[in-house]
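Quick notes on the structure that follows.
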Amino acid sequence: MTPQILRTVACALAGLVTSAAALSGGTLPAHAASGLESVIASFGITDYRLTSVQGSGDITNPLQYAIADPGTAQKAHVVRLAAGSYTLRSSIRMAGYVYLIADDDASITLTAPAAQMLQFTSLPAAGVSGGSWSAGSKGTANVFGLTGSSVVFKNLNITKAGKHGIAAYAKSAVAVRDVDITASARDGIHVRASVLSATRLHSTYNRNNGVQLSDGSTGTISDSQISFNGQAVTGSTTGKTGHGLGVANSWATVLNSDLSDNKVCGISTTGPSGLTVRNSTLNRNGRHGLGTTAGGVISFTDTTVVGNHYNGVLITGSGTRATLTRVKIADSDAYGVSLPGRGSVVLTDTVVSGSGKTNVAASQKSVITLISGNTITGAGAHGIALASKSRLTVSGSSNVISDNRTNGLMLSDRSTSGTIRSSVSFVGNHQVGVVVRKKASLQMVHCEFVANPTATATRSGGKTKKL
């Protein structure tokens with residue numbers, strides 16, 4: 001493929017075609033190198049013209065000149081940035097159907113405060129691949145800022161954003177592949193009213209969130225690490241922002257990813273939001289593995305939530321519903337699964353163990369449903385505890401509540417109720433297998449009680465009835 005070079009000059013004697021020195025610093029080969037062709041093809045580009053930017057130091061003007069020249073849907077404009085150390089002194093704007101491909105050894109640093117390094121406004125398609133991009137912690141500069149645009153980012157490093165590493169607004173569509181984002185002053189990726197698709201993203205050590213989805217956004221994150229975020233958080237984590245993933249009035253799907261060691265939550269949802277998590281880990285976060293507010297609809301499958309420093313999974317607020325299937329929740333400092341008000345949870349083939357307080361706790365009209373194959377074991381207090389008009393239903397087989405340091409199951413308070421329709425094994429709990437007190441009520445089939453000092457007990461007007 002013979003590239004078309006900008007600003008060609010006809011040579012009367014030799015008929016040569018060369019690039020303007022400000023853009024290329026020399027004549028481009030007739031065929032791009034195979035490595036470059038592979039990158040171009042990865043964007044789905046089959047026909048293009050090529051411009052090269054070379055040199056060193058400040059490339060604000062030549063890079064702006066190159067990337068402001070649009071391509072078309074039929075013939076993209078590819079701008080190549082060779083290996084080297086470069087600086088930008090202001091924001092520059094990309095045109096549509098332009099694909100900026102930097103060498104892996106290209107380093108680009110912002111040297112003055114700006115809104116962003118590269119700006120994408122109302123673009124039907126564009127892309128950036130390669131290089132290390134640093135905003136130098138200048139002002140409130142995003143490294144890449146999108147408004148109403150569709151942009152693909154691949155195989156690059158983003159660091160020291162004055163604000164966000166990638167910011168997408170106003171119905172943008174941002175695709176991220178093999179991108180590392182660190183040390184953003186706020187979020188690694190911040191998406192509002194837009195769509196995010198991220199694969200093999202590493203968003204770590206950012207001061208607020210690794211990824212934030214807000215205002216009706218949709219995000220899919222796979223094969224990624226979103227850890228060690230919230231670096232701005234000190235002292236108490238109560239009411240603070242510093243999550244792996246924040247989901248605010250938005251919808252997120254997380255697959256095969258690690259959201260661990262964040263200063264506040266692995267994942268936090270606020271407002272009516274949807275969250276699906278599969279084959280992932282949310283371990284050792286400073287507050288909750290998952291934190292929610294009212295209106296969240298949550299599904300966890302084949303996921304591990306271990307060693308979080310308050311709750312493993314917090315399910316709270318009117319309309320918040322969680323389904324946990326083949327989930328391991330272990331060693332939470334306080335509660336494994338906590339439902340402090342009007343939330344509901346359904347557990348299937350799930351293990352909740354080793355919580356500092358109670359493994360599964362519900363109050364204020366919350367609902368717990370055990371389907372089958374659950375093990376609730378080794379809590380510092382109760383295995384399961386319900387109070388304040390909450391409700392328990394056990395409908396499936398092979399549920400075990402064992403080795404909890406006080407009671408296996410405790411129901412407290414008037415209008416707190418439980419129904420056990422399938423036999424449960426209460427084994428080795430240190431006080432009572434099942435205790436019903438303070439006018440709570442429980443209906444239950446015959447259950448197995450082994451090595452509990454007391455099998456069942458009613459206290460202060462609590463009632464039990466056989467089914």
Side-chain angles (χ1 to χ4, degrees), residues 108-110 115-118 120 128-129 131-146 151-169 172-192 194-215 217-233 240-248 250 252-270 275 280-282 285-286:
I108 307 95
T109 302
L110 184 67
Q116 51 266 318
M117 293 181 71
L118 297 188
F120 306 82
V128 180
S129 176
S132 295
W133 299 79
S134 172
S137 302
K138 298 294 183 183
T140 57
N142 302 313
V143 175
F144 301 119
L146 288 67
V151 184
V152 178
F153 299 97
K154 295 183 177 185
N155 302 297
L156 51 83
N157 299 310
I158 298 170
T159 191
K160 295 184 179 180
K163 193 174 183 182
H164 310 304
I166 298 174
Y169 305 100
S172 290
V174 55
V176 176
R177 305 287 183 269
D178 299 292
V179 170
D180 289 355
I181 305 176
T182 60
S184 301
R186 296 191 186 176
D187 302 330
I189 297 179
H190 186 94
V191 178
R192 288 187 176 273
S194 296
V195 176
L196 168 69
S197 173
T199 301
R200 295 178 299 280
L201 165 69
H202 289 76
S203 186
T204 60
Y205 294 98
N206 299 289
R207 289 181 62 79
N208 286 358
N209 298 335
V211 177
Q212 176 66 41
L213 304 173
S214 299
D215 299 345
S217 293
T218 300
T220 300
I221 299 167
S222 61
D223 303 300
S224 296
Q225 182 186 18
I226 307 176
S227 301
F228 298 101
N229 296 289
Q231 293 297 310
V233 175
K240 293 182 179 178
T241 298
H243 317 302
L245 170 62
V247 185
S250 295
T253 299
V254 178
L255 309 172
N256 309 311
S257 295
D258 180 30
L259 300 100
S260 300
D261 299 295
N262 298 287
K263 287 289 189 73
V264 187
C265 298
I267 302 176
S268 173
T269 70
T270 56
L275 173 66
S280 296
T281 53
L282 294 83
N285 295 287

F144 and I158, any side-chain heavy atoms less than 4.5 Å apart = yes

Of all the heavy-atom pairs spanning [X] and [Y], show the shortest one and how long it is.
X	Y	value
A173	L146	O-CD2, 4.3 Å
A183	T159	CB-OG1, 3.9 Å
N155	V179	N-CG2, 4.2 Å
S214	S250	C-OG, 3.2 Å
D187	Q212	OD2-CB, 3.4 Å
S184	G165	OG-N, 3.5 Å

Expected list for residues 132-139: side-chain donor-acceptor pairs under 3.5 angstrom, two or more places apart:
residue: S132; atom: OG; partner: N157; partner atom: ND2; Å: 3.3
residue: W133; atom: NE1; partner: G130; partner atom: O; Å: 3.0
residue: S134; atom: OG; partner: G136; partner atom: N; Å: 3.1

Taking ring-ring contact (aromatic ring centres under 6.0 Å, His included) as the definition, give me every residue that meets it alongside [X], ordered by chain and number, with sequence neighbours left out.
X	result
F228	Y205
F120	F153
H164	H190

Inspect the contact between R200 and D223 and indicate whether a charged nitrogen and a carboxylate oxygen are less than 4.0 angstrom apart.
-> no

Answer yes or no: is there a donor N or O on one side and an acceptor on the other, between the side chain of [X] and the main chain of [Y], under 3.5 Å?
X	Y	answer
S217	S194	yes
N285	L259	yes
K263	V233	yes

Could you measure the distance from the [atom1] atom of [X] to the [atom2] atom of [Y]? Nearest 0.5 Å is fine.
X	Y	atom1	atom2	value
Q225	D261	CD	CG	8.5 Å
D258	S224	CG	OG	10.0 Å
S280	I221	OG	CD1	9.5 Å
T269	H243	OG1	NE2	9.5 Å
K160	N206	NZ	CG	13.0 Å

Is the closest side-chain donor-acceptor distance between S197 and R177 under 3.5 Å?
-> yes

Is the closest side-chain donor-acceptor distance between N229 and N209 under 3.5 Å?
-> no

If you count the non-hydrogen atoms of other residues, nucleotides and ligands that lie under 6.0 Å from NZ in K154, is the total more than 12?
-> yes

side-chain contact (heavy atoms from CB on, under 4.5 Å) partner of I189, the single match among L245, L213, I226, I181 | I181

Single hit among L201, I166, V211 for side-chain contact (heavy atoms from CB on, under 4.5 Å) with L196 = V211

For T199, enumerate each residue passing the side chain to side chain donor-acceptor pair (under 3.5 Å) test, keeping only those at least two apart in sequence or located in another chain.
-> S222

Using the test side chain to side chain donor-acceptor pair (under 3.5 Å), find all partners of T270 that sit at least two apart in sequence or belong to another chain.
-> none

